[in-house]
Amino acid sequence: MKRSRAVKRRATAQRSELLERHAERPQPSARATPLAQRLDAPTRATPQDLFTLAMDWWNRGERFDIGRMAQELGVSRATVFRWVGTRELLYGEVISSQFEAVLALARSEAQGEGPTLVADIIQRLLHRIMADEPLRRFVQQDAEYAMRVLMSKSSTVEQRCAASIRSALEFGVQEGHIRPAMELDALAYVIVRIGESFLYRDAITGDPPDVESAITAIRILVTAEK
């Protein structure tokens, strides 16, 4: 009888120990599936996230700092440099995309026909660039660095702006709006150079910007026919 009671006590103690161990063991989550684990894992940043961040900094007037950007995105500096190449190229990407958006807006708003339409596009484009606060702030903060980003031979800004202008000119030719005397690649490059020279005169020569002179010169170029 005593032995039977002792066996029961041991069995009860063993059950209690097993229950305590089970309670201490982490319980499986109802979401612990492969997909749930991926969803719960921290998401890695992408080049698009970097571009979005750069656009936000540009609009707020913050100078690009690759180290701070990498920290904010949760990636290494090496990763950011692998995505963009250099800080200048990141600026170039942002400024070029802004130029393309402004050109598209100017084309959608322009009025008139033939050379008048093309001249109106140019006028609206240059006035919008001149009024762009982040761009003016960028030039004023460090004019020498800004000119290197905007106008140097390695600048993606100048190349892409010229390509966008050429596309607009080509459309004008196809639609019969203009019959330019110059070859389109050369004409697009000259238009960009004229725009830069008058828009950034304060940084280049110290004279105030002169949008109207730029508009007049470009209008003469695009309306001159073969």
Side-chain angles (χ1 to χ4, degrees), residues 45-108 121-122 124-171 184-205 209 211 214 218:
T46 67
Q48 181 60 48
D49 294 323
L50 172 62
F51 180 75
T52 301
L53 177 63
M55 287 296 301
D56 180 56
W57 282 29
W58 172 260
N59 290 324
R60 289 192 283 116
E62 291 219 30
R63 296 188 180 189
F64 292 176
D65 182 318
I66 297 300
R68 284 178 54 210
M69 286 178 155
Q71 185 176 19
E72 189 161 333
L73 292 171
V75 298
S76 67
R77 283 170 54 92
T79 296
V80 174
F81 277 118
R82 188 170 67 250
W83 287 344
V84 301
T86 64
R87 188 168 70 116
E88 287 77 9
L89 290 175
L90 180 56
Y91 271 117
E93 195 68 36
V94 169
I95 296 170
S96 299
S97 68
Q98 293 289 83
F99 177 86
E100 291 163 3
V102 171
L103 176 57
L105 185 59
R107 291 176 65 177
S108 70
I121 293 173
I122 297 298
R124 292 173 184 273
L125 171 66
L126 293 182
H127 276 299
R128 286 188 177 277
I129 293 174
M130 184 63 195
D132 188 277
E133 183 59 31
L135 179 61
R136 299 309 306 176
R137 185 167 50 226
F138 175 64
V139 174
Q140 290 165 2
Q141 284 175 344
D142 189 339
E144 184 177 347
Y145 181 76
M147 291 303 101
R148 187 162 71 246
V149 170
L150 293 165
M151 298 177 60
S152 71
K153 64 181 181 180
S154 60
S155 169
T156 57
V157 176
E158 190 171 80
Q159 296 168 12
R160 287 179 57 176
C161 288
S164 297
I165 292 292
R166 190 200 186 285
S167 177
L169 292 170
E170 187 173 19
F171 177 79
L184 292 186
D185 284 333
L187 179 56
Y189 176 76
V190 172
I191 288 174
V192 170
R193 274 298 186 176
I194 290 174
E196 291 170 339
S197 299
F198 283 99
L199 287 172
Y200 309 132
R201 281 210 316 175
D202 50 344
I204 299 171
T205 67
V211 178
I218 294 171

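Heavy-atom basis, side chains included; hydrogens, waters and symmetry copies ignored.
- At a threshold of 4.5 Å between non-hydrogen side-chain atoms, the residues Pro134 and Arg137 count as touching.
- Taking CG from Leu50 and CD1 from Ile66, the interatomic distance works out to 7.0 Å, rounded to the nearest 0.5 Å.
- The shortest distance between side-chain heavy atoms of Arg193 and Glu158 falls below 4.5 Å.
- Gln71 CD: 12 or fewer foreign heavy atoms inside a 6.0 Å radius.
- Applying the side-chain contact (heavy atoms from CB on, under 4.5 Å) criterion to Ala188, with sequence neighbours excluded, gives Ile165, Arg166, Leu169.
- In this structure, Ser97 and Met55 have side chains that are in contact, with non-hydrogen atoms separated by less than 4.5 Å.
- Counting only heavy atoms from C-beta outward, the side chains of Leu105 and Arg128 approach each other to under 4.5 Å.
- The two residues Cys161 and Val192 make their nearest non-hydrogen contact at C-CG2, 4.0 Å.
- Leu199 places none of its side-chain heavy atoms less than 4.5 Å from the side chain of Pro209.
- For Phe81, there are no ring pair (Phe, Tyr, Trp, His ring centres under 6.0 Å) partners, not counting sequence neighbours.
- Taking the side chain as every heavy atom from C-beta outward, Leu135 and Tyr200 approach each other to under 4.5 Å.
- Residues Thr46 and Asp49 bring a donor and an acceptor atom of their side chains to less than 3.5 Å of each other.
- One finds no salt bridge joining Glu133 and Arg136 here, because no Lys/Arg side-chain nitrogen approaches an Asp/Glu carboxylate oxygen to under 4.0 Å.
- In this structure, CG in Asp132 is found 14.5 Å from NE2 in His127, a value given to the nearest 0.5 Å.
- When side chains are defined from C-beta on, Leu53 counts as touching Glu72, because their heavy atoms get closer than 4.5 Å.
- In this structure, the separation between OH on Tyr145 and CD on Glu88 is 3.5 Å, given to the nearest 0.5 Å.
- In this structure the side chain of Val157 never reaches within 4.5 angstrom of the side chain of Met151, judged on heavy atoms.
- With sequence neighbours left out, the ring pair (Phe, Tyr, Trp, His ring centres under 6.0 Å) criterion links Trp57 to no other residue.
- With rounding to the nearest 0.5 Å, the separation of CG in Asp142 from CZ in Arg63 is 6.0 Å.
- From Phe198, atom CZ reaches atom CG of Leu126 across 10.5 Å, with rounding to the nearest 0.5 Å.
- In this structure, the separation between CD on Glu100 and CZ on Arg160 is 4.5 Å, given to the nearest 0.5 Å.
- Under the 3.5 Å distance criterion, the side-chain polar atoms of Ser152 are left unmatched by any main-chain donor or acceptor of Val149.
- For Trp83 and Phe51, the gap between ring centers reaches or exceeds 6.0 Å.
- Across all their heavy atoms, Leu90 and Ala54 have their closest contact at CD1-CB, 4.0 Å.
- Across all non-hydrogen atoms, the minimal contact from Leu125 to Ala106 is N-CB, 3.9 Å.
- Judged by distance alone, with hydrogens and angles left aside, the side-chain atoms of Arg87 form a donor-acceptor pair with the main-chain N or O of Phe64 at under 3.5 Å.
- The side-chain tip of Arg107 points at the ring of Phe171 from less than 6.0 angstrom away and within 45° of straight on.
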